[in-house]
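What follows is a short report on a single structure.
Nothing here was measured: the structure is a model prediction, and the numbers come from that model. As a basis for the values below, the full set of heavy atoms in this structure was taken, side chains included, without hydrogen atoms, waters or symmetry mates. Note that ligands are numbered from 1 as they come in the structure, with each ligand's atoms numbered from 1 the same way.
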Amino acid sequence: MNESSCFTEQTKLLHHSNKIDPTTGAVNVPLQLSSTFHQNNLENFGEYDYSRSGNPTRKVLEDQIALLENGFRGFAFSSGMAAISSTFLLFSQWDHIIISEDVYGGTYRVVTEVLNRLGIYHSFVDMTNIEEVKKAIRPNTKAFYIETPSNPLLKIIDIQTISQVAKEINALTIVDNTFLTPLLQKPLDLGADIVLHSATKFLSGHSDLLAGLAVVKDQVLAERLYFLQNSFGAVLGVQDCWLLLRGLKTLYVRLQQSTASAGTLASYLNNHPFITKVYYPGLPSHQGYSLQKSQANGSGAVLSFELYNEELIKTFIEHLKIPVFAVSLGAVESILSYPVKMSHASMDEQTRRKRGISNKLLRLSVGIENVEDLINDFEYAINKCMVYS
Ligand SMILES: *Cc1c(COP(=O)(O)O)cnc(C)c1O
C-alpha cells in the first residue's frame, strides 16, 4: 500500500509516502486545522468533507501505523480506551468474547461494566494455557482479546496459536500491542485480525498526549471499523495527530535504548538478594522466554519486581531520584508504579492475590536515561532499605 514498504522499520519511521508536503515541500506534515472542506461541485465531492469522517493530518498518521503493523488500514482515536471501546462495538448482544486475564484496568472496566450492560458476554481466561482457552469457547464466541506481554506480570501469550483457534470457529483475534509496538511484535503477521494501541505510551513516547490507534488486516474489517469510528466519533484531534507523528519518528532509537536498559536492569535486579522476583520476558528464567523469542523481536522496556519486604516499599520509592512515581509507561523518562495502589487498585485483594499481584510488586517502565545512572539510583535506594530493615 506504500512505496516505502521495502525499507526496514527504522527507515520507514522517517521515509514514507507522506514525508514531504506536495504543495510546499515542507518536510513535516501540515496541521490541517479545518473541521469542514469546501466542495467544488455538487456531483463529485472531494476526499474530505468533515474532519470527524476524515482529516488529511489524521490520514497520514493512520497510514503510518498501518504501514508499521503490515495492516490494511489504520484508525486514530482520542485515547487507547476510545480505540478499544470503539472496536468492541463490532460486537452485538449475545456475543461472547474471551479475554486474557491480566488485561489493562480500563479494558477490564469497559468489559465488565459497559459491555455486560449491553448484553455482550465475556470470560477472563489464563490464555497462556491453550486448553483453558478451548474450554472457554461457547457457540456464541466471536472474539479472542489478548494483551501480551500482560500487565503487570509480563506473561506471554502465543498469538499464532490463539489466532488459529479463533479461525477454526470464525472468531476474531484482537491484540493490544501497546507494550511492544510494531517494531518488536507484529500481531497481524502472526494471524491476528485487529491490533490496538494506547499510543499514549511508547508510540508518542513523551508523556505529552493521549491517543489510541487501531489497525485491521483486511478491507471488510476496515469498512466495519471505519463506520464505527465515524459513527461513534471518538477521533484523535489534529494537533495530537501531529505530535504523535513527531513522536513516532524517534520510536526506533527510544525503544532500542529503553529495551537494552530494561534487560540490564532486569539482570541487575535478578541478581540482587533484596529483590525476590523479577518478571521480564528477556530473562531466561521467565516462563515465556522462548515463546517471546519466537514471536517478538525483543522483550520491551517494562519489567516488574518484588521487594524482599512489603514494609520497605515506601522507603524504596522515596529514595529513588530518577523514575517518576506515576501511572503510565512507555516514555522517555523512567516511570515507576505500584500496581496494587495504581493500575490494579480497582481489583479486589483476593483476585489480585490469586493472580500473583502482591503488595510487594513494583512495575518499572524504563526510559532513555543513562543505564549506569539508573542502576546507581536503584542501588542507592536498595541500600537505604537495607539500613532500615
Ligand atoms: C494505557 C493503556 C491502555 C489505555 O490507553 P489510554 O490511552 O490511557 O486510554 C490500554 N492498554 C494498555 C496495555 C495500556 O497500557
Contact check, I84 vs ligand 1, heavy-atom distance below 4.0 Å: yes
What is the nearest protein non-hydrogen atom to atom 4 (C) of ligand 1, stated with its residue, atom name and distance? Y104 CE2, 3.3 Å
Go through the side-chain N and O atoms of H286 and Q292 and say whether any donor and acceptor fall under 3.5 Å apart. no
Report the nearest protein non-hydrogen atom to atom 7 (O) of ligand 1: residue, atom name, distance rounded to 0.1 Å. T200 OG1, 2.6 Å
Check: D176 side chain, E147 main-chain N or O, donor-acceptor pair, under 3.5 Å: no
Please indicate whether F227 has more than 12 foreign heavy atoms, meaning atoms of other residues, nucleotides or ligands, lying under 6.0 Å from its CZ. no
Provide the number and element of each atom of ligand 1 under 4.0 Å from a heavy atom of G80. 5 (O), 6 (P), 7 (O), 9 (O)
Any N or O on L329 sitting closer than 3.5 Å to an N or O of ligand 1? no
Measure the distance from atom 11 (N) of ligand 1 to every protein heavy atom, then report the residue, atom name and distance (to 0.1 Å) of the closest one. D176 OD2, 2.7 Å
Check: K135/N129 side-chain N/O donor and acceptor closer than 3.5 Å: no
So which heavy atom in the protein is nearest atom 5 (O) of ligand 1, and how far is it from that ligand atom? S198 OG, 3.0 Å
Closest non-hydrogen atom pair, Y104 against K201: CE1-NZ, 4.4 Å
In this structure, CG of D218 is separated from CZ of R73 (nearest 0.5 Å) by 12.5 Å
Does T107 reach ligand 1 with a nitrogen or oxygen that is under 3.5 Å from one of the ligand's nitrogen or oxygen atoms? no
Do side-chain atoms of H15 reach the backbone of F7 as a donor and acceptor pair under 3.5 angstrom? no
Below 4.0 Å from any atom of ligand 1, is there a heavy atom belonging to N151? no
Under 4.0 Å from any heavy atom of S79, which atoms of ligand 1 are there? 7 (O), 9 (O)
Taking the six-membered ring for Trp, are F37 and F45 ring centroids under 6.0 Å apart? no
Please confirm whether K201 comes within less than 3.5 Å of ligand 1 when only nitrogen or oxygen atoms on both sides are compared. yes
